[in-house]
There are 2 protein chains.
Amino acid sequence: MPVDEDPSVTAPGRHMAPTLELVAARAGVSRATVSRVVNGSTSVSPPIAEAVRRAVEELGYVPNRAARSLASHQSQAIALVAPEDVTRFFGDLFFADIVAGIDTRLENSDYVLNLMIANNDPSGKTMRYLGGGAVDGALVVSHHTSDRFLRCITETLPVVFGGRSAVPELDAYVVDVDNVSGAEIATRHLIERGCRRIATIAGPLNMRSSLDRLEGWRRALDAAGVEAGPVVDGDFTMLGGAAAMREILDSRHTVDGVFVASDLMASGAVQVLLERGIAVPDEIAIVGFDDSAAALATGVPLTTVRQPMRDMGWHMADMLIRLLTGEATVPRELILPTELVVRESA
Amino acid sequence: MPVDEDPSVTAPGRHMAPTLELVAARAGVSRATVSRVVNGSTSVSPPIAEAVRRAVEELGYVPNRAARSLASHQSQAIALVAPEDVTRFFGDLFFADIVAGIDTRLENSDYVLNLMIANNDPSGKTMRYLGGGAVDGALVVSHHTSDRFLRCITETLPVVFGGRSAVPELDAYVVDVDNVSGAEIATRHLIERGCRRIATIAGPLNMRSSLDRLEGWRRALDAAGVEAGPVVDGDFTMLGGAAAMREILDSRHTVDGVFVASDLMASGAVQVLLERGIAVPDEIAIVGFDDSAAALATGVPLTTVRQPMRDMGWHMADMLIRLLTGEATVPRELILPTELVVRESA
DNA sequence: TTGTATGCGTTATCAT
DNA sequence: ATGATAACGCATACAA
């Protein structure tokens, strides 16, 4: 026979958190009823509901997550899975912003965010965790995550991707930034300010965003009937950008404008230009992409394309929640607009 | 009436995850035994343990977190609580790195990371969550979080702070970067290269790190018998740094070196110098702090002080885990060394 | 509308 | 060393 302590309603147990049971006792109803009002069931008479709410308030009751999860088969948690090298690629660039965006969406929900840095091993801890019912869904900032890994996880859980992957067959839910039109706008800006020999420094061509930005550059050129200048890979790094700029300058081409697919690369490119005494933007105009910190820290403040990373985070979370709550019509793809920020480099 | 599928042991239930029960059946033992081997209890005979392990493997069993948590009163989760404006202050600076560090420590543990952006309201969702047993402990990157908030949370949970707060009475567990000696080294570098009239552009003086860096600057000066130059608040922003630099130049002081308490501010300062045709470092040498992206994107690559943010994350997590596992001797404070990175600005 | 009873998957306390 | 069995705190089907 269990040794029950006196469950006197007045005694606020030392450290034990109050349970449904206690609230029920205090309100003079059954556990089920308390559960109902806590979960916002409609079928409970106003006076009773009120009494329960009071008891909840007085006792400072807060539902036990584990118990709730166990009984309901829902964790009310979602995972944010980021590739192993967040800090290398997303670098210190967007991560904080995306997270902030996700959080603002989650704020008014009951979901909490679980952070996972994932290696690309579909059999690792990450997969076990995601598969083990620990989370109801996942947000993944993909960009170049392995195919096998992605497929695995989408089979297990509702997933929303941030940034379309390079493998288009994977028709999952995704929110992305409109890289194409962003690049297009940037390039058009170059054209409108008079540039006619426009090169581009691109990102690694196995990344979707690089491809899209290249495409946008090309479109703007085509639309204006301007001949395409050289295309050089800058690897999305500052050093790569500098190297690419040198390559362009040393080539047989003459250019008067460059669309650079990231601010970091643009920053490297501008430094090379300055070193060689080439005036920016007068001799060569530069437009970057990202509107990252680098855009302002560069010798010549960069004209660039701002990406709404915060919005992206918000919408990723929003989409997933709508998926989880069984909403009927969740669009499979959401493309967020970019914005040209005109500063001094073009 | 629920439509149960045949729970035959051999049939890998469509979607239901295998439970202890199933594993037990398969291995021909009791649930308790399975639980023991899963949790690494010693008191189980090798052959039986082996059989269980096989069953676990074959069924792909993974313990249900909710159930485990409910029964054990431990969530195996820790929270990372960041101030509301992560993205403004930590900005895109350190957040990703700290997270990466935390994650590497957590990787080999059973803990998962819960991310919470906290407003400073001790009664809000964050507090309810932290108090509700949803996590076993918390990591907080504090720097300027409200006192009341902090006190609240430290009373509820084991907490490790990243960065000492400005309120020293709060003697919680904390890991911090050695701002004092970092600033000292930076300033000494200035002195060693011949500077004799050394100013400093400081951060907001209500932040502990600002205070510490100021202190380091002063110490180096004192140690070398060099008179202290002007001290100007640069607000930890690029614009603030630029304004501060102008203020120094326009003052009655002449300076030949400036220790700037952040790269972002240093970046602004350098631009002002360049605009006015003042040679860096020949006429005025600049040393920054952080070794952030801004350090490289600046016109003159910055000599600066690198902070081991990744290590900081690692040690925060490590400290908390040791606290949670009841380790006897956990130091209350851990100060990580910084490192001077010499580039071109000084 | 409200209460009763059962189950969720583990851990932990007992016996054995 | 191993196996029953009782919590753990909540949701929910069902009865009232």
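All chains are named by letter (A, B, ...) in the order of the sequence lines, taking the proteins before the strands, and each is independently numbered beginning at 1.
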Exercise answer: donor-acceptor pairs, residues 49-59 of chain B side-chain atoms, under 3.5 Å, sequence neighbours excluded:
from	atom 1	to	atom 2	distance (Å)
B/Glu58	OE1	B/Arg26	NE	2.9
B/Glu58	OE1	B/Arg26	NH2	2.6

Neighbours of DNA chain D within residues 65-79 of chain B, by heavy-atom distance under 4.0 Å
B/Leu70, B/Ala71, B/His73
DNA chain D contacts made by residues 32-45 of chain B, counting heavy atoms under 4.0 Å:
B/Ala32, B/Thr33, B/Arg36, B/Ser43, B/Val44, B/Ser45
Rounding to 10°, can you tell me the angle the first-five-pair axis of the helix from C/dT1-D/dA16 to C/dT16-D/dA1 makes with its last-five-pair axis?
30°
Any base atoms under 4.0 Å from B/Leu20, or only sugar-phosphate, or nothing? Heavy atoms, all strands.
base
Side-chain contact test, heavy atoms from C-beta onward, threshold under 4.5 Å: evaluate it for A/Phe161 versus A/Asp176 and give yes or no.
no
Does B/Asp136 offer a backbone N or O that forms a donor-acceptor pair with the side chain of B/Ser75 under 3.5 Å?
yes
5' priority, DNA chain D, between B/Val29 and A/Asn64 [closest heavy atom]
B/Val29
B/Ser43: side chain to side chain donor-acceptor pair (under 3.5 Å) partners, not counting sequence neighbours:
B/Ser41
Can you list the residues that meet the side chain to side chain donor-acceptor pair (under 3.5 Å) rule with B/Ser69, with sequence neighbours excluded?
none
Return yes if some donor-acceptor pair links the side-chain N/O of B/Lys125 with the main-chain N/O of A/Ser109 below 3.5 Å, else return no.
yes
Can you see which heavy atom on A/Pro331 is nearest to which on A/Arg322, and at what distance?
CD-NH2, 4.0 Å
Enclosure of B/Asn39 CG (heavy-atom neighbours >12, cutoff 6.0 Å):
yes
Specify the residue among B/Ser30 and A/Arg31 whose closest nucleotide of DNA chain D lies further upstream toward the 5′ end.
B/Ser30
Measure the distance from CG on A/Leu22 to P on D/dC8 and round it to the nearest whole Å.
12 Å
Would you name the heavy atoms of B/Leu157 and B/Ala138 that are closest together and state the gap between them?
CD1-CB, 4.4 Å
Would you say B/Val330 and B/Tyr173 make side-chain contact, with heavy atoms under 4.5 Å?
yes
